[in-house]
Each structure stands twice: as C-alpha cells, then as structure tokens.
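Below: the structure, in structure tokens.
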Amino acid sequence: MRPSDWAYPYDSSGLLQWFDPRTRIISAVVLTLTALIIEKPQLLLALMISATVLIVLSGLSIRQLLYRMSAIIIFFVLLLIFLPMTAPDFTMRSLQYTTALIPEALRIGLKASTVMLFAIGLVGTIEPVSLGHAMTHLRMPEKLVQMYLFTIRYFDIFRREMQLLHTAMLARGFRPSLRICAIRSYGQLIGMLIIRSLDRSERVLFAMKCRGYHGKFYLFHHFHFHRRDAVFMTLVMCAVTGIIILEMKP
Amino acid sequence: MHIADGVVSMPVLVTGTLFAGVGVAAGLRAITPERLPAAALVSAMFFVASLIHVPIGPAKLHLVLNGLAGLILGSAVFPAILIALLLQAFMFGYGGLSVLGLNTLIMALPGYFGYVLFIHQLRKTERRSKALLIGFSAGACGIFVASLLLFSALVLSGERYNVLASALFVSHLPLLLIEALVTGVAARFLWQIKPEILMESRPHETV
C-alpha cells in the first residue's frame, strides 16, 4: 500500500521512526499550537531551530524537504512584496516601497515555516497506513479514517489511470492548451475518471461485502508506548512549558 | 487557495476550524457504510484530478474542482477535501496542521453551496446546453466563493493583509473561468453518460 513513490517519504529511516506514531502526532500538535501563540521573535527562532533538528532526525533528504517547503517559500515572497504595501506611507503613484512592515513579514514567514517543519518532520514521515492506524487510536471518527485509508490505497491506481487516459489523448493529437476544444477534452477526461472511480468503488464494495464488511475495519496490531516515547514526550512538554513561561515574561 | 500557518488571527482560525468541524461531521453522518467506498474512491479521484495541470501562458495551473466535487459528493465534500488537504500538506507542503480546518472550510463550503443551489436543476434539466450551463455555474460558484472566503479570512485577520488579499483574489479570476468551463463540460458529460451519478438514490449505493 504505497500512495506514491515520488512524494511520500514513508520509508525514511531516520531516528524519529523509533517513536510511536501517536507520540509524534501529539507532539506535532502541541508544538504547532505553541508556535502559533508565540509572538517573541527570539523564541520563534528557538522553535524553528528545534524544528530543524527534528527534520534532521527524521532523515528526510534535502531535496524532499525543499520540495515540500516550496509552497511556503513562494508564500513568503508574496508576503514580502505585498505586506509593506499596506504601510500608511506607501504610495502607488511613486511606487515608494516602505520597509516598515518587513520585520512583520519575516515573523509571519518564520512562524509559517516552523509549523510546517514540525508537521513534515513529525507527522509527514509516518508511514501512511500507520498514520490511519494512529488516527483511529487517537479517537478520530472511524469513517474519516476509512476514507483516508481508501484514498491512500487508490491514489496511485487512479493516478496511473489518469496517465493512461492522458497518454491516449496525447496519442490522438491532443495538445495541452487553453483553446476551447482542449478545455472540453479536460472536462471529458475528468468526467470519465469519475465514472471509472465509481465503477471501481462498486467492485470494491462487492468484494468487501463478500469478506464480511459492514462498515468497520478491525485492527489486529496495536502500537506500544515505550519508555523512549515517554522520554520524548517529557522533553517536548518541558520545552513547550519553558518557551511559554519565557513568552509570558515581559 | 491555501493559507499558510501563522497568518490568520486566532479568532478567524478558531471560527473557521469550528465550522469546518461541523461540516465534516455532517458529511460523515451522511455517508452510510454502503456509500463509504463510493464516497472515498470519488474523493481519491478528485485528489488525483486536481493534479492535472492546465497551461496558462508560461505558468501552469492546477484544477481545484471543488464545484464538481460538491455536485457529486454533496455534504461528503467536507471530509473528502479534508483528506485531500491532509495528504497535500505532507506531500506538497500546502499549509500545515493548524490551518487544515480553515482551508477545508474555504474549499468545501463553496462546493456544498454549488450542490445546494444547482443539483436540483441539473437533475431536472432536459437539455444538453442547460446541463453545461448549470455545471459552469457550479464551477464558477466553487472558485468564486472560495476566493471570497480566502479574501475575508485574510482581511478579518488584520488590515496589513488588505493588499495581499486583493492580489490573491484577482489572481484567482482566470482560474475561475477555466474551472467553470471544465466543470461545465464534466457535468454535461456525466449528465449525458451516467445521469444516475447525479441522482439522490444512486443504484450502486443501494446494493
């Protein structure tokens, strides 16, 4: 069950793989919330550094990391361009660019990338099926988890199906463009994909019913909460408490 | 269409997440065990279809398809988009954990609006051109309302985002046209080839 080989690093072999997925999800949530409420730039920087350490521990390659951070980087550039334009002394006519709001943009960018790094390092490196498993243990709605598991199971199959149809279109002289006939072909491609996915879902449902499906997935293997998880959690909690105390201090 | 973490103010974030939670809960409630595979596979399909890139000048644009997803999934569009965003967050870095709820609301609510406004007309219509027009409106509604929600989330978070919000809103307008056309064609295609997909009691769900 691999969703896709090109983007999801579930076979990363970093140190973080030692920890229970539940530990990692809870830590990610706690650290994200902390990063959101922190306003002091020094503390944000400290959080950012700890997030970077976690990324190093997670064993992601630089390429994978840059790929995932590209959206944040583009967003950050947009912030740097547009935020200073809202400063009171900015005028469109002379295109006078003020630097007054640049620190603000930097702070927001720092916050956004810190939260993203926590998410990528701690949760993004959990093997997708284990993530679903952990979501069940964390009392997420069962149907949501089942939908998630179906999505990761069929993602790659549908991607291949789409490529198949797309190749067939290309072979018949389709050229991607914005002309009305190309748009019509895109629409029909998507319609066809939907019909195929519904047909497949029918077959899947029959097959599952034959195996006794009645709306529940049973779990046989359970996670174990080790001492190292307790140590990791304690470390995270201590760090978070320390940072919040420092933030409260005037 | 995605908001990054740490941008919107706390009240906006909390309100958005709460509303998204209500939507997801309602959507999940509507999915019976019989319907679950269909809803799940269609939502996986939408995730894949949103990877289709349309060239627009030198840039490439990826389709959102929330209008079409709304037409087909109804209220199940909320959990479908939540899962798509969860996967996108880890695979492409589009927004982290904290904005998951808000982004879900921004994209799923317009799809659901489109469903409420247009599905009855699409079911009733007899003419091909009208099916196209209804699909077009649903697609346009999907992107327009989503851009509007994005705009208001940013503006409500502080005056400093006014210019950024307007720029983002304007930059979504070309997408609106393409998305509306594609949704229109796809809706007409489904209406013509497999109209039972758009009906309330779908044959494949009452096994």
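Each chain gets a letter, A, B and so on, in the order its sequence line appears, and its residues count up from 1.
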Carefully, step by step, assess I194(A) and F46(B) under the rule side chain to side chain contact (heavy atoms under 4.5 Å, CB included).
CA-CA 8 Å; I194(A) 292 167; F46(B) 274 107; 3.9 Å; yes
For the pair I31(B) and M147(A), evaluate side chain to side chain contact (heavy atoms under 4.5 Å, CB included) and give the outcome as yes or no after the intermediate values.
CA-CA 10 Å; I31(B) 302 173; M147(A) 276 181 82; 3.7 Å; yes
Does any non-hydrogen side-chain atom of F75(A) lie less than 4.5 Å from one of V7(B)?
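A side-chain contact exists here, since the closest heavy-atom pair is under 4.5 Å.
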Hey, could you give me the [atom1]/[atom2] distance between [X] and [Y], rounded to the nearest 0.5 Å?
X: M45(B); Y: T151(A); atom1: CE; atom2: OG1; answer: 11.5 Å
X: L65(B); Y: Y186(A); atom1: CG; atom2: OH; answer: 12.0 Å
X: I195(A); Y: I193(B); atom1: CD1; atom2: CD1; answer: 5.5 Å
X: L82(B); Y: Y148(A); atom1: CG; atom2: OH; answer: 11.5 Å
X: S171(B); Y: L78(A); atom1: OG; atom2: CG; answer: 8.0 Å

Sort [X] into side chain, backbone, both or neither according to what part of it lies under 4.5 angstrom from a heavy atom of chain B.
X: I180(A); answer: side chain
X: T32(A); answer: side chain
X: E104(A); answer: side chain

Provide the closest heavy-atom pair for [X] versus [Y] in the form atom of the first, atom of the second, distance.
X: G191(A); Y: L190(B); answer: O-CD2, 3.6 Å
X: V115(A); Y: D5(B); answer: CG1-OD2, 3.1 Å
X: R184(A); Y: V185(B); answer: O-CG1, 3.4 Å
X: S197(A); Y: L41(B); answer: O-CD2, 3.9 Å
X: R29(B); Y: K143(A); answer: O-NZ, 4.1 Å
X: R159(A); Y: V48(B); answer: CA-CG1, 3.7 Å

Would one find more than 12 heavy atoms of other residues, nucleotides or ligands at under 6.0 Å from atom [atom1] of [X]?
X: F189(B); atom1: CZ; value: yes
X: Y112(B); atom1: OH; value: no
X: I37(A); atom1: CD1; value: yes

With [X], which residues qualify under side-chain contact (heavy atoms from CB on, under 4.5 Å), at least two apart?
X: S113(A); result: M48(A), M69(A), I72(A)
X: R139(A); result: none
X: A71(A); result: Y94(B)

Determine, stepwise, if the pair K194(B) / D199(A) fulfils side chain to side chain contact (heavy atoms under 4.5 Å, CB included).
CA-CA 11 Å; K194(B) 221 172 171 169; D199(A) 284 347; 2.6 Å; yes
Any residues in residues 151-164 of chain B near chain A, with a heavy-atom distance under 4.5 Å, and which are they?
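E159(B), R160(B), Y161(B), N162(B), V163(B), L164(B) fall under the 4.5 Å cut-off.
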Walk me through whether L36(B) and Y213(A) qualify under side chain to side chain contact (heavy atoms under 4.5 Å, CB included).
CA-CA 11 Å; L36(B) 198 125; Y213(A) 172 73; 4.0 Å; yes
If you count heavy-atom pairs within less than 4.5 Å of chain B, which of T114(A), L193(A), L189(A), V29(A) leads?
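Between T114(A), L193(A), L189(A), V29(A), the count favours L193(A).
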Under a 3.5 Å distance rule, please check whether K111(A) uses its side chain to pair with a backbone N or O of G6(B) as donor and acceptor.
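Flag not set: sc K111(A) to bb G6(B) has no pair under 3.5 Å.
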